[in-house]
Amino acid sequence: MGKFGSHKPRGKAAMTTNMRKIVRQNQLCGFLMALDGIAITWGALIQNLRCELGLTDEQVQKIIRVGDRYWEMVGEFKNEGMAPEEFAEYLEAKSAQVEKDLREMWT
(Lines give C-alpha, C1' and ligand atoms only; values in the text may rest on other atoms or scores of the structure.)
Protein backbone atom coordinates (compact mmCIF):
# COMPACT_ATOMS: atom_id res chain seq x y z
CA MET A 1 0.00 0.00 0.00
CA GLY A 2 1.34 3.41 -0.94
CA LYS A 3 2.07 5.97 1.69
CA PHE A 4 -0.46 8.38 0.18
CA GLY A 5 -3.45 5.99 0.34
CA SER A 6 -3.97 6.14 4.09
CA HIS A 7 -3.63 9.87 4.72
CA LYS A 8 -6.44 12.33 5.25
CA PRO A 9 -6.64 15.27 2.85
CA ARG A 10 -4.42 18.14 3.90
CA GLY A 11 -3.88 21.68 2.86
CA LYS A 12 -6.42 23.58 0.80
CA ALA A 13 -8.95 20.73 0.40
CA ALA A 14 -9.12 19.99 4.12
CA MET A 15 -9.24 23.65 5.06
CA THR A 16 -12.04 24.33 2.60
CA THR A 17 -14.13 21.51 4.08
CA ASN A 18 -13.42 22.64 7.63
CA MET A 19 -14.16 26.25 6.82
CA ARG A 20 -17.46 25.31 5.22
CA LYS A 21 -18.46 23.42 8.35
CA ILE A 22 -17.46 26.33 10.57
CA VAL A 23 -19.29 28.86 8.40
CA ARG A 24 -22.43 26.70 8.35
CA GLN A 25 -22.33 26.27 12.13
CA ASN A 26 -21.93 30.03 12.61
CA GLN A 27 -24.85 30.69 10.27
CA LEU A 28 -27.05 28.32 12.25
CA CYS A 29 -26.02 29.88 15.58
CA GLY A 30 -26.73 33.37 14.26
CA PHE A 31 -30.06 32.25 12.83
CA LEU A 32 -31.11 30.63 16.12
CA MET A 33 -30.16 33.79 18.01
CA ALA A 34 -32.28 35.83 15.60
CA LEU A 35 -35.19 33.43 16.11
CA ASP A 36 -34.95 33.88 19.87
CA GLY A 37 -35.09 37.64 19.42
CA ILE A 38 -38.10 37.35 17.13
CA ALA A 39 -39.89 35.06 19.59
CA ILE A 40 -39.36 37.51 22.44
CA THR A 41 -40.52 40.43 20.32
CA TRP A 42 -43.58 38.53 19.06
CA GLY A 43 -44.60 37.59 22.61
CA ALA A 44 -44.22 41.17 23.82
CA LEU A 45 -46.18 42.48 20.84
CA ILE A 46 -49.07 40.10 21.52
CA GLN A 47 -49.10 41.07 25.19
CA ASN A 48 -49.07 44.79 24.36
CA LEU A 49 -51.86 44.40 21.81
CA ARG A 50 -53.91 42.45 24.29
CA CYS A 51 -53.54 45.07 27.01
CA GLU A 52 -53.85 48.22 24.90
CA LEU A 53 -56.66 47.08 22.62
CA GLY A 54 -58.48 44.84 25.07
CA LEU A 55 -58.33 41.83 22.76
CA THR A 56 -60.44 38.82 23.58
CA ASP A 57 -58.92 35.38 24.11
CA GLU A 58 -60.23 34.33 20.69
CA GLN A 59 -58.48 37.25 18.98
CA VAL A 60 -55.24 36.50 20.80
CA GLN A 61 -55.45 32.85 19.73
CA LYS A 62 -55.81 33.93 16.08
CA ILE A 63 -52.65 36.02 16.39
CA ILE A 64 -50.82 33.13 18.03
CA ARG A 65 -51.88 30.78 15.19
CA VAL A 66 -50.37 33.21 12.68
CA GLY A 67 -47.11 33.06 14.66
CA ASP A 68 -47.25 29.26 14.79
CA ARG A 69 -47.48 29.05 11.00
CA TYR A 70 -44.47 31.34 10.75
CA TRP A 71 -42.44 29.19 13.16
CA GLU A 72 -43.26 26.05 11.19
CA MET A 73 -42.02 27.70 8.03
CA VAL A 74 -38.85 29.07 9.60
CA GLY A 75 -38.09 25.80 11.40
CA GLU A 76 -37.70 24.05 8.06
CA PHE A 77 -34.48 25.99 7.46
CA LYS A 78 -32.78 24.35 10.41
CA ASN A 79 -34.21 20.89 9.74
CA GLU A 80 -33.46 20.75 6.03
CA GLY A 81 -29.97 22.23 6.21
CA MET A 82 -30.67 24.86 3.56
CA ALA A 83 -28.05 27.42 2.69
CA PRO A 84 -29.06 30.97 3.67
CA GLU A 85 -29.55 31.95 0.03
CA GLU A 86 -31.85 28.98 -0.58
CA PHE A 87 -33.78 29.77 2.57
CA ALA A 88 -34.20 33.42 1.53
CA GLU A 89 -35.73 32.34 -1.79
CA TYR A 90 -37.94 29.80 -0.03
CA LEU A 91 -39.03 32.39 2.54
CA GLU A 92 -40.00 34.92 -0.13
CA ALA A 93 -42.16 32.38 -1.95
CA LYS A 94 -43.71 31.05 1.25
CA SER A 95 -44.36 34.57 2.58
CA ALA A 96 -46.40 35.43 -0.48
CA GLN A 97 -48.49 32.29 0.04
CA VAL A 98 -48.97 32.98 3.76
CA GLU A 99 -49.97 36.59 3.02
CA LYS A 100 -52.59 35.36 0.57
CA ASP A 101 -53.91 32.84 3.12
CA LEU A 102 -54.07 35.47 5.85
CA ARG A 103 -55.93 37.94 3.65
CA GLU A 104 -58.50 35.24 2.89
CA MET A 105 -58.76 34.26 6.56
CA TRP A 106 -59.28 37.83 7.81
CA THR A 107 -61.83 38.91 5.17
Side-chain angles (χ1 to χ4, degrees):
M1 181 171 212
K3 68 179 186 177
F4 297 109
S6 61
H7 292 285
K8 293 183 178 180
R10 295 182 186 201
K12 187 176 181 180
M15 182 173 280
T16 302
T17 301
N18 290 337
M19 289 302 288
R20 285 186 190 138
K21 288 179 183 178
I22 291 168
V23 167
R24 178 69 180 150
Q25 186 61 38
N26 287 341
Q27 288 172 340
L28 285 175
C29 289
F31 185 71
L32 293 175
M33 288 173 59
L35 287 180
D36 287 342
I38 293 169
I40 292 166
T41 303
W42 185 251
L45 177 65
I46 291 172
Q47 185 62 30
N48 287 342
L49 288 172
R50 180 181 204 141
C51 294
E52 290 182 19
L53 301 177
L55 298 179
T56 65
D57 288 342
E58 182 181 325
Q59 291 169 322
V60 171
Q61 288 304 314
K62 283 184 179 180
I63 295 171
I64 290 172
R65 280 195 298 270
V66 169
D68 289 345
R69 293 177 83 188
Y70 173 77
W71 288 115
E72 288 175 14
M73 178 177 62
V74 170
E76 291 178 24
F77 169 76
K78 185 177 71 171
N79 296 336
E80 292 183 16
M82 292 181 189
E85 297 82 17
E86 291 173 315
F87 180 69
E89 291 171 6
Y90 165 79
L91 193 58
E92 286 177 18
K94 191 69 172 181
S95 293
Q97 179 62 40
V98 170
E99 180 181 355
K100 180 184 169 197
D101 293 347
L102 287 173
R103 288 187 188 279
E104 290 174 4
M105 184 172 75
W106 287 94
T107 56

>> Under the rule for salt bridge (Lys or Arg N to Asp or Glu O under 4.0 Å), what residues qualify as partners of Glu58, not counting sequence neighbours?
In response: none
>> So, taking the atom named CD1 in Ile64 and the one named NZ in Lys62, what distance separates them when rounded to the nearest 0.5 Å?
In response: 13.0 Å
> Partners of Gln25 by side-chain hydrogen bond (donor to acceptor under 3.5 Å, both in side chains), sequence neighbours excluded?
Replying inline: none
>> Suppose the criterion is side chain to side chain donor-acceptor pair (under 3.5 Å): which pairs have a residue in residues 41-53, not counting sequence neighbours?
In response: Arg50-Asp57
>> For Leu53, give me all partners under side chain to side chain contact (heavy atoms under 4.5 Å, CB included), at least two apart in sequence or on another chain.
In response: Leu49, Leu55
> Excluding sequence neighbours, so at least two apart, what forms side-chain hydrogen bond (donor to acceptor under 3.5 Å, both in side chains) with Gln59?
Replying inline: Thr56
> Considering residues at least two apart in sequence or located in another chain, which fulfil the side chain to side chain contact (heavy atoms under 4.5 Å, CB included) criterion with Glu89?
Replying inline: none
